[in-house]
Structure formats: structure tokens, C-alpha cells
Amino acid sequence: MGQDSTDHGLNLTGRRIIVTGAASGIGRAVAERFAAMGGIVCLADINSAGVDEAARNLGGAAFAVECNLADPASCEALITQMIERCGGLDVLVNAGAVIMRQSLDEVLLSDIHRMVDVNMAGSFFLARAAARAMRAQNSGRIILFSSQGAHTGGYVGSTVYAMTKAAVVSLAKSMAREFAPDGITVNAIAPGIVDTPMIRQDVSEAALSDFMKMVPLGRIATPRELADCCLFLASDWASYVTGHTLDVNGGQLMR
């Protein structure tokens, strides 16, 4: 796909990029947007068939790698494969996550481990491995996905998910401070309601309708709108932004 903008500040031509959760939803939209802006995009997901199909649709320099965020070795292997194939890494977007909607009384220790391993530990090990690669070139962008639930406690049975996403906000700040001397910025994005398979998982249409009534803009976000926010943080326009969590929620939560 060719570039759809002539603005050099948003130009990602030649940038070596990893996007996790790229088989669907926000991750796929980010991969598509970055490829359109000239990036060399590695689409990563535990859903190997889905991410292969997404990469084929992009064509060009895009390629797919299976990655299990719950496994630190798989996170390390993803970074290694990227370096071996592309010679380095310029941008990491970690959009992969897992949610299990449950009442508090239904939550088991195994459920907590599952969401912590993917959403929290996965973010940590993947970002750490990415930063090690980026240090060699004294530059890089790491973008982690949190959630509006990190600030509200979550909705519709997402307490544990929200808890893990609150940890991502803290992780972005800590890593931003740690890696700043290496020219690496680390930021987070906290989406509100976005039209993805995850938001519709075990949520009734009535609950979605009630949720949207709380959004001042009166509608659900598109994955492309989140991708555009990622593009800003990955671009030269955000060269002095680090340790920040960008709220993208249609005005539902104003801080």
C-alpha cells in the first residue's frame, strides 16, 4: 500500500515496526495505517491464521509472526526475528490483550493469572526486549495499550482486566524514565469504547447502548481512530512526548 499523506512529520517510510494483536481490531487497524504510511510492519498475534491473512492483505513489506504474549520467551523471540529480518526495530505497538468478563465472585486465581500474564507481564517483557534492541540505535518508540478501565475500574465484568490495564499506565511511566537517556519514548493509549470483537465479547446490545449514552460524542470509536493516535505517537510530531497516557474516549472520561 502506498503513502496517503505528504506530511513528512507523519511519514514512517522505512521504519521497522512491530504491532501485536494485529489479527483483528485495533492492532490490525494500526498495522494497516502504519503500512500505508510507509512502514515495514511485522504483524504479531497468537492467532497465526488470522495474522497471516492480515499480513497477506497488506502485501508489500508486511509479514506475520506468531507470538504468545503470555510467554516471555515468545516475546523475546519476536524481537529477535524482527532484528534478524529487518536489522533493527524502530517502533513497537503492543495492542494485544485478553479479557474475561466475570463478576467478582466468579473470578478464579487461574483467571487472574491469564489476564496478568498477557496484559501486564506480556507488556513488560515485550517492551523490555524491544528497548534492548532500540538502545543499539539510540532511538525508538514504544506504545502500550491501557484502557479507560484503568481509571474507572472497568465496566461489565472487567474488574481484573481493568486492574491489569492500570498496571500498564504505571509501566509506561517507569519505562519512559528508564529509557529516556537512550532516546526511547514510551507512551500508553487508554481507549474508551471501540468497535472491536473484544468490546462485543459477552456484552449485550443493551449494555453497549447504555455505555454509548455516557459518551458525549454519542458514538463508538472506530479502530482507525485509535490507529491515528498511534501514528501520532510513533511519528516525529511526538518526539518530545514520553511517559504520557493518551485518553481516547469521546469525552466520556475527562481528566
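This is a predicted model, so every value here is computed, not measured.
- Counting heavy atoms from C-beta outward, Ile189 and Ile143 have side chains that approach closer than 4.5 Å.
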**OP:** Assess whether salt bridge (charged side-chain N to carboxylate O under 4.0 Å, His left out) is satisfied between Glu225 and Arg219, documenting all intermediate values.
**Re:** CA-CA 12 Å; Glu225 288 174 308; Arg219 63 177 178 83; 2.7 Å; yes

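- Defined by atom type and a distance below 3.5 Å, a donor-acceptor pair is present between the side-chain atoms of Asn94 and Ser123.
- Using a 4.5 Å cut-off on side-chain heavy atoms (C-beta onward), Ile46 and Leu69 make no contact.
- Ser147 places no side-chain N or O within donor-acceptor distance of the main-chain N or O of Ala162, the cut-off being under 3.5 Å.
- Put simply, the side chain of Ile184 does not reach to within 4.5 Å of the side chain of Ser139, judged on heavy atoms.
- For the side chain to side chain donor-acceptor pair (under 3.5 Å) with Asp90, the lone residue among Arg141, Arg16, Arg15 that qualifies is Arg16.
- Taking the centre and axis of the six-membered ring of Phe63, the NZ or CZ atom of Arg85 falls inside the cone set by 45° and 6.0 Å.
- Taking CZ of Arg101 as the start and OG1 of Thr159 as the end, the distance is 10.5 Å to the nearest 0.5 Å.
- Side-chain heavy atoms closer than 4.5 Å link hydrophobic residues (I, L, V, M, F, W, Y) into clusters, and following such links, even through other members, never connects Val169 to Tyr155.
- When side chains are defined from C-beta on, Leu233 counts as touching Val241, because their heavy atoms get closer than 4.5 Å.
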**OP:** List the steps, then state whether side chain to side chain contact (heavy atoms under 4.5 Å, CB included) holds for Val93 with Phe145.
**Re:** CA-CA 8 Å; Val93 179; Phe145 265 83; 3.9 Å; yes

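- With respect to the salt-bridge test (charged N to carboxylate O, under 4.0 angstrom), the residues Glu178 and Arg128 do not qualify.
- The closest side-chain donor-acceptor pair between Asp105 and Ser103, if any, does not fall under 3.5 angstrom.
- Distance CG/Leu246 to NE2/His244: 5.0 Å, rounded to 0.5 Å.
- No side-chain N or O of Gln148 forms a donor-acceptor pair with one of Asp247 less than 3.5 Å apart.
- At a threshold of 4.0 Å, the pair Asp228-Arg224 counts as salt-bridged, since one of the basic side-chain nitrogens sits closer than that to a carboxylate oxygen.
- Ser74 pairs in a side chain to side chain contact (heavy atoms under 4.5 Å, CB included) with only one of the listed residues (Asn68, Leu126, Val65), which is Asn68.
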**OP:** With side chain to side chain contact (heavy atoms under 4.5 Å, CB included) as the test, would you mind laying out the steps for Thr222 and Asp195 before giving the verdict?
**Re:** CA-CA 6 Å; Thr222 67; Asp195 193 5; 5.9 Å; no

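- For the pair Leu144 and Leu171, the minimum side-chain heavy-atom distance is below 4.5 Å.
- Residues Cys230 and Arg33 have side chains not in contact (no heavy-atom distance under 4.5 Å, counting atoms from C-beta outward).
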Subject >> Test log, rule side chain to side chain contact (heavy atoms under 4.5 Å, CB included), inputs Arg132 and Glu76 >> reply: CA-CA 10 Å; Arg132 287 171 175 167; Glu76 294 274 357; 3.5 Å; yes

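- Listed for the Ser146 side chain is a donor-acceptor partner under 3.5 Å among the backbone atoms of Lys165.
- Between the side chain of Thr242 and the main chain of Val186, a donor-acceptor pair closer than 3.5 Å is present.
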Original post:
Can you check salt bridge (charged side-chain N to carboxylate O under 4.0 Å, His left out) on Glu53 and Arg28, steps first, answer last?
Top reply: CA-CA 11 Å; Glu53 184 266 335; Arg28 183 161 181 164; 2.9 Å; yes

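- Using a 4.5 Å cut-off between side-chain heavy atoms of Ile, Leu, Val, Met, Phe, Trp and Tyr, with links allowed through other members, Leu253 and Leu217 fall into different hydrophobic clusters.
- Remark: side-chain polar atoms of Ser235 are paired, donor with acceptor, to backbone N or O of Phe232 under 3.5 angstrom.
- Looking at Asp45, its side chain never comes within 3.5 Å of a backbone N or O of Glu66 through a donor-acceptor pair.
- Nearest heavy-atom pair across Ile26 and Pro191 is CD1-CG, 4.4 Å.
- For the atom pair CG (Leu10) and CG (Leu12), the distance works out to 7.5 Å, reported to the nearest 0.5 Å.
- In this structure, the side chain of Gln137 engages the main chain of Leu89 through a donor-acceptor pair within 3.5 Å.
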Original post:
Going through the checks in order, is the side chain to side chain contact (heavy atoms under 4.5 Å, CB included) test met by Asp111 and Gln102?
Top reply: CA-CA 10 Å; Asp111 302 326; Gln102 305 161 297; 2.7 Å; yes

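- For the atom pair CZ (Arg114) and OH (Tyr161), the distance works out to 13.0 Å, reported to the nearest 0.5 Å.
- Residues Leu226 and Val248 have side chains in contact (heavy-atom distance under 4.5 Å, counting atoms from C-beta outward).
- One finds the CZ atom of Arg255 at 3.5 Å from the NE2 atom of His151 (value rounded to the nearest 0.5 Å).
- Using a 4.5 Å cut-off between side-chain heavy atoms of Ile, Leu, Val, Met, Phe, Trp and Tyr, with links allowed through other members, Phe124 and Ile18 fall into the same hydrophobic cluster.
- Here Leu92 contributes atom CG and Thr20 contributes atom OG1; the two are 6.5 Å apart, rounded to the nearest 0.5 Å.
- Taking all atoms of both residues into account, the shortest heavy-atom contact from Ala130 to Ile142 is CB-CD1, 4.4 Å.
- Following chains of ILVMFWY side-chain contacts shorter than 4.5 Å, one can reach Ile83 starting from Phe179, so the two form part of one hydrophobic cluster.
- Inter-residue side-chain proximity for Leu43 and Val51 is flagged as met; some heavy-atom pair is nearer than 4.5 Å.
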